[in-house]
Amino acid sequence: MPKHLRSYALLFQSLFILPMAEANEWDWVPKESLSPSQQATLSQYCRGAYIDGWQAIDDENTHLLADMIYRDEQGTLYMEGAATLRQPLSELNADLIEGVQNEYYQATGDVSLRASGQLIRSDSAYMSTAKGNQSAQFENAKFLAHDSRIRGEASEIARSKDGLIFIKEGFYTTCEPGQDSWTLYGSSIELNPDSGFGTAKHVQIRVRDIPVFYFPWLRFPLDDRRQSGFLFPSFGFSGKSITLSTPYYLNLAPDYDATVTPNLVIPVAGSDEADKDQYGQGLDIEIRHLSQYGTTVFEQSTFYDENGDEGTLRALRSNQQLTENLNVGVNLEDNPTENREPEVNNTSIQEKDNYERSTYARYDLGNFSSNVQVRRYQTPDPTVDQPLEWMPRVSASYRYADTRYSYQPDVEFTDFYEPDETGEDGQRLALNQDFNVQFGNAWGDITAGMLHQYRNYSLHDYDSRQDSDAEVNHLTYYLDTSVVFDRSLENQWRQTLEPRVQYLNAPYQDQSDIPDFDANEMDMTYAQAFSHRRFSGNDRIGDTEQIALGLESRFYDSNNVNRWTLQGGQVFYLADRKVGLEGDTGSVVDDSSHSAVLSSATYNGDRFTLANHLNYDFDDNRVDLAQTALKYKPDSGIVFNLSFSYLYDEDETDMTKQSGFGAIIPINDNWHFFHQQSYDWVEREHTAQVAGLGYENCCIKTSFSYQRWRDDDGIFDEGVFIQFILRSLSGVDQTNSDLTTIADDYWNQGKVGY
């Protein structure tokens with residue numbers, strides 16, 4: 001049986017990366033003509049899909065169809081008029097097909113060659129089917145790969161007997177017919193299916209037919225096999241500089257690889273001479289290792305500015321699951337260049353005041369878990385206070401619960417070290433045991449419990465050069481009660497009403513000899529009102545005797561989705577509080593008889609969500625806390641964000657009073673306008689302003705924005721930023737790492753699936 005076309009299946013398996021035809025709607029079906037399941041796979045920006053209606057035949061025979069079929073005296077086969085030569089894996093159509101079985105076939109006039117999910121058309125085609133010399137050549141060819149949505153065109157495509165594919169003067173794109181937002185051109189392209197790589201010469205990337213990038217030579221993968229070679233470079237620009245990064249991937253072995261990325265920052269005309277420390281060259285390195293237990297990654301980023309000064313960051317991270325229950329890991333971060341960081345950094349290492357160096361081992365078995373961790377820091381700036389270090393911390397916890405009883409013990413030992421050797425450090429043993437018994441049913445429950453907190457310290461004071469011991473043994477008692485009422489409303493909605501009452505008694509115990517290593521006071525909210533602890537961490541045991549009253553109501557729609565949640569409550573204190581975060585305990589730190597009224601209201605809708613928290617002090621007629629967050633997304637495509645945060649402080653300069661507004665407004669199906677601003681009402685100034693335009697279709701996404709912001713040092717900066725993504729090819733951008741903007745939200749709205 002002749003094998004004339006079957007051998008060309010390899011050709012089509014490579015076409016997903018070949019250039020393909022522009023503005024030709026073969027097999028193109030508009031969105032409105034697709035089935036509901038097909039439409040569900042499309043992005044909101046895609047207008048249709050390529051649908052491959054061709055199917056392979058089941059039998060092994062060759063089928064010949066034409067208006068006229070005959071063979072001459074030399075044995076040459078002629079098929080004239082709507083000629084079709086069909087094999088099990090492919091089909092050739094043309095006005096005229098002639099050839100000799102097991103030697104060659106030549107097709108002319110409206111030539112098309114189909115295989116599953118792929119299509120090629122040309123003016124003429126020649127195929128050698130001789131044993132050991134199976135090659136092919138197509139003139140003025142056009143291509144389509146249905147699944148990858150890639151199409152393109154080439155003046156000539158040839159396939160050698162070795163399986164190499166050569167493309168002359170070709171391009172490809174993933175854009176829809178008639179919408180060539182981007183195209184990739186190459187004067188000559190060679191594809192090697194055996195190695196899994198292709199090469200191209202004189203490559204241009206064009207956006208709206210305007211060349212934006214040029215590569216004299218480019219090597220790219222044809223499949224998912226790992227290969228050494230250049231990855232797509234990244235290019236950024238601002239009003240001051242141009243940035244270029246060209247990553248090179250090294251496939252060193254099946255279980256480890258590396259990526260080396262040279263970086264270059266070039267000043268543009270008119271740049272300020274004072275900004276020389278922002279220009280220069282650098283190198284990023286990433287080395288990855290994959291074992292049967294887990295992953296290990298080493299990263300380093302180094303940059304030399306035009307003054308010759310070096311900025312370096314590096315990190316080693318490893319996580320290994322040695323057994324089903326035992327996990328170990330290490331995280332070593334380092335900045336060997338004091339007070340300097342790389343100006344360009346393509347690694348995951350971020351600029352910090354303190355760089356963590358830690359290692360851990362964790363063992364989990366059912367309800368039991370334990371952890372051993374050593375945590376140290378490297379602080380490049382000697383003027384910055386160094387954090388406490390764990391040398392080490394050992395912890396273990398257990399959870400037991402049934403329908404009636406619950407027991408949760410936690411034990412932790414920490415050897416604290418103060419690197420600055422000022423103040424105090426030492427060893428701390430902390431034991432927390434929470435035991436309770438619950439009585440309840442569907443309409444309510446009562447929980448009575450006891451919280452045992454034990455602390456033991458061995459301390460060293462660097463200022464007095466003295467050692468000391470301290471111990472605290474404390475019991476807290478609590479009684480939680482709640483009742484749930486449920487009623488049906490109109491339209492099959494349902495409402496619950498849950499009154500809550502809690503009694504909490506944590507007697508005062510002197511803790512003047514105990515330092516504050518990791519304690520923090522928690523903000524008073526409705527949820528915190530029913531907590532059993534005033535402080536987080538293990539250094540302070542908050543004293544209180546109080547009764548907390550609360551009322552919670554939830555509204556469920558006909559689909560049993562919780563739409564509204566309303567909460568209101570207040571804490572009534574029966575004794576003054578004498579334990580604070582700082583200084584000696586024993587003096588009254590809070591003598592108020594009750595808290596502010598604590599309230600919250602949240603709504604979870606299909607198109608918008610709303611969350612409100614309000615604490616109001618009726619004694620002083622003031623708001624202690626007010627927070628509002630609204631996100632609205634109507635059917636029109638508008639995205640609207642509004643937030644406000646207020647936190648009272650007796651010192652007005654420490655008061656928090658900030659608002660934020662952001663909106664994404666569609667101009668038409670593809671264009672969007674976005675705006676964002678944040679305002680500090682204490683300082684009476686804008687802390688961030690963003691305004692820009694975004695465009696998106698099925699194959700490209702871009703945004704252009706002006707941004708002004710205040711950094712961590714209180715200094716304002718501004719810039720113009722451009723981002724764009726060529727779907728299925730690459731992303732190019734200049735982003736603002738100092739500011740999270742609504743432009744980023746816009747950037748992540750697309751659902752094309754790339």
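- With contacts defined as side-chain heavy-atom distances shorter than 4.5 Å, the pair L34/L42 qualifies.
- Taking each heavy atom of T108 and A94 in turn, the nearest pair found is O-CB, 3.7 Å.
- Here the CD1 atom belonging to I189 is positioned 5.0 Å from the CD1 atom belonging to I167, to the nearest 0.5 angstrom.
- Side-chain contact between I700 and V207: present, with at least one pair of heavy atoms (C-beta onward) separated by less than 4.5 Å.
- The shortest heavy-atom contact between R121 and S112 is CG-CB, 3.8 Å.
- Between C175 and C699, the two SG sulfurs come within 2.5 Å of each other, short of that mark.
- Applying the ring-ring contact (aromatic ring centres under 6.0 Å, His included) criterion to Y104, with sequence neighbours excluded, gives Y126.
- Looking at R86, its side chain never comes within 3.5 Å of a backbone N or O of N61 through a donor-acceptor pair.
- The nearest pair of heavy atoms linking R47 to Q179 is NH2-CB, 4.2 Å.
- Side-chain contact between Q320 and S291 is present, with heavy atoms from C-beta onward closer than 4.5 Å.
- With contacts defined as side-chain heavy-atom distances shorter than 4.5 Å, the pair W28/I51 does not qualify.
- Looking at E91 and H63, their side chains never come closer than 4.5 Å, going by heavy atoms from C-beta outward.
- Tested against F303 for a side chain to side chain contact (heavy atoms under 4.5 Å, CB included), the candidates D284, L283, V265, N345 yield a single pass: V265.
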**Prompt:** Yes or no on side-chain hydrogen bond (donor to acceptor under 3.5 Å, both in side chains) for S37 and S35, after CA distance, side-chain angles and deciding distance?
**Reply:** CA-CA 5 Å; S37 61; S35 67; 3.1 Å; yes
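- A donor-acceptor pair shorter than 3.5 Å can be found between the side chains of T302 and T312.
- In this structure, the side chain of H289 does not engage the main chain of V297 through any donor-acceptor pair within 3.5 Å.
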**Message:** Could you walk me through whether E286 and S348 satisfy the side-chain contact (heavy atoms from CB on, under 4.5 Å) test, starting with their C-alpha distance in whole Å, then the side-chain angles of each, then the deciding distance to 0.1 Å, before giving a yes or no?
**Reply:** CA-CA 10 Å; E286 180 191 56; S348 66; over 6 Å; no
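- Between the side chain of D180 and the main chain of W182, no donor-acceptor pair closer than 3.5 Å is present.
- Among all heavy-atom pairs drawn from T323 and Q321, the shortest one is O-NE2, 2.8 Å.
- Side-chain contact of E696 with N670: a donor-acceptor pair under 3.5 Å is absent, judged by distance alone.
- Enclosure of atom CD in E32 by more than 12 non-hydrogen atoms of other residues, nucleotides or ligands within 6.0 angstrom is indicated.
- Side chains of N346 and S301: no donor on one and acceptor on the other come within 3.5 Å.
- K31 places a side-chain heavy atom less than 4.5 Å from the side chain of Q39.
- With hydrogens and angles disregarded, no donor-acceptor distance shorter than 3.5 Å links the side chain of E80 to the backbone of I69.
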**Worked check of side-chain hydrogen bond (donor to acceptor under 3.5 Å, both in side chains) between N319 and T295** = CA-CA 6 Å; N319 293 281; T295 60; 5.1 Å; no
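- Under the rule for a salt bridge (charged side-chain N to carboxylate O under 4.0 Å, His left out), the partners of R288 that lie at least two apart in sequence or sit in another chain are D257.
- Of all the heavy atoms in L85 and M79, the pair that sits closest is N-CE, 4.4 Å.
- Ion pairing of R114 with D27 is present here, as a side-chain N (NZ or NE/NH1/NH2) and a carboxylate O approach within less than 4.0 Å.
- Counting heavy atoms of neighbouring residues, nucleotides and ligands inside a 6.0 Å radius, atom CG of D669 does not exceed 12 of them.
- Going from atom CG of N93 over to atom OG1 of T84 covers 4.0 Å, rounded to the nearest 0.5 Å.
- S228 contributes a side-chain N or O that, together with a main-chain N or O of N251, makes up a donor-acceptor pair within less than 3.5 Å.
- Contact annotation: the side chain of S187 approaches that of E169 to within less than 4.5 Å [non-hydrogen atoms, C-beta and beyond].
- In this structure, the separation between CG on D110 and OG on S124 is 12.0 Å, given to the nearest 0.5 Å.
- K201 and E190 are not joined by a salt bridge, as no carboxylate oxygen comes within less than 4.0 angstrom of a charged side-chain nitrogen.
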**Prompt:** Stepwise, does the side-chain hydrogen bond (donor to acceptor under 3.5 Å, both in side chains) test hold for Y695 with H672?
**Reply:** CA-CA 6 Å; Y695 175 84; H672 293 75; over 6 Å; no
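- In Y293, the OH atom is not crowded: 12 or fewer heavy atoms of neighbouring residues, nucleotides or ligands sit closer than 6.0 Å.
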**Request:** Under the side-chain contact (heavy atoms from CB on, under 4.5 Å) rule, what do K142 and S122 come out as? Steps first, then yes or no, please.
**Result:** CA-CA 6 Å; K142 300 176 181 180; S122 65; over 6 Å; no
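- Under the 4.5 Å side-chain criterion, counting only non-hydrogen atoms from C-beta, S135 is in contact with S128.
- Judged purely by atom type and a 3.5 angstrom limit, Q74 has no side-chain atom pairing as donor or acceptor with the backbone of T76.
- Within the structure, ring pair (Phe, Tyr, Trp, His ring centres under 6.0 Å) contacts touching residues 82-103 (residues at least two apart or in different chains) do not occur.
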**Message:** Determine whether L64 and L77 satisfy the following criterion, side-chain contact (heavy atoms from CB on, under 4.5 Å), listing intermediate values before the conclusion.
**Reply:** CA-CA 11 Å; L64 307 178; L77 175 69; 4.0 Å; yes
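- Every ring-ring contact (aromatic ring centres under 6.0 Å, His included) that Y78 has, sequence neighbours left out, goes to Y70.
- The two residues E98 and L96 make their nearest non-hydrogen contact at OE1-CD2, 4.0 Å.
- L693 contributes atom CG, which lies 15.5 Å from atom OH of Y706 (distance to the nearest 0.5 angstrom).
- Rounding to the nearest 0.5 Å places CZ of F674 at 9.5 Å from CZ of F704.
- Applying the side chain to side chain contact (heavy atoms under 4.5 Å, CB included) rule to R206 yields the partners T183, Y185, Q204, D209, P211; only residues at least two apart in sequence or on another chain are considered.
- Contacts of Q137 classified as side chain to side chain contact (heavy atoms under 4.5 Å, CB included), with partners at least two apart in sequence or in another chain: E139, E156, A158.
- Here CG of N263 is found 8.5 Å from OG1 of T243. Values are rounded to the nearest 0.5 Å.
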**Audit row: F138, I120, side-chain contact (heavy atoms from CB on, under 4.5 Å) steps and yes/no** = CA-CA 9 Å; F138 301 87; I120 179 172; 3.8 Å; yes
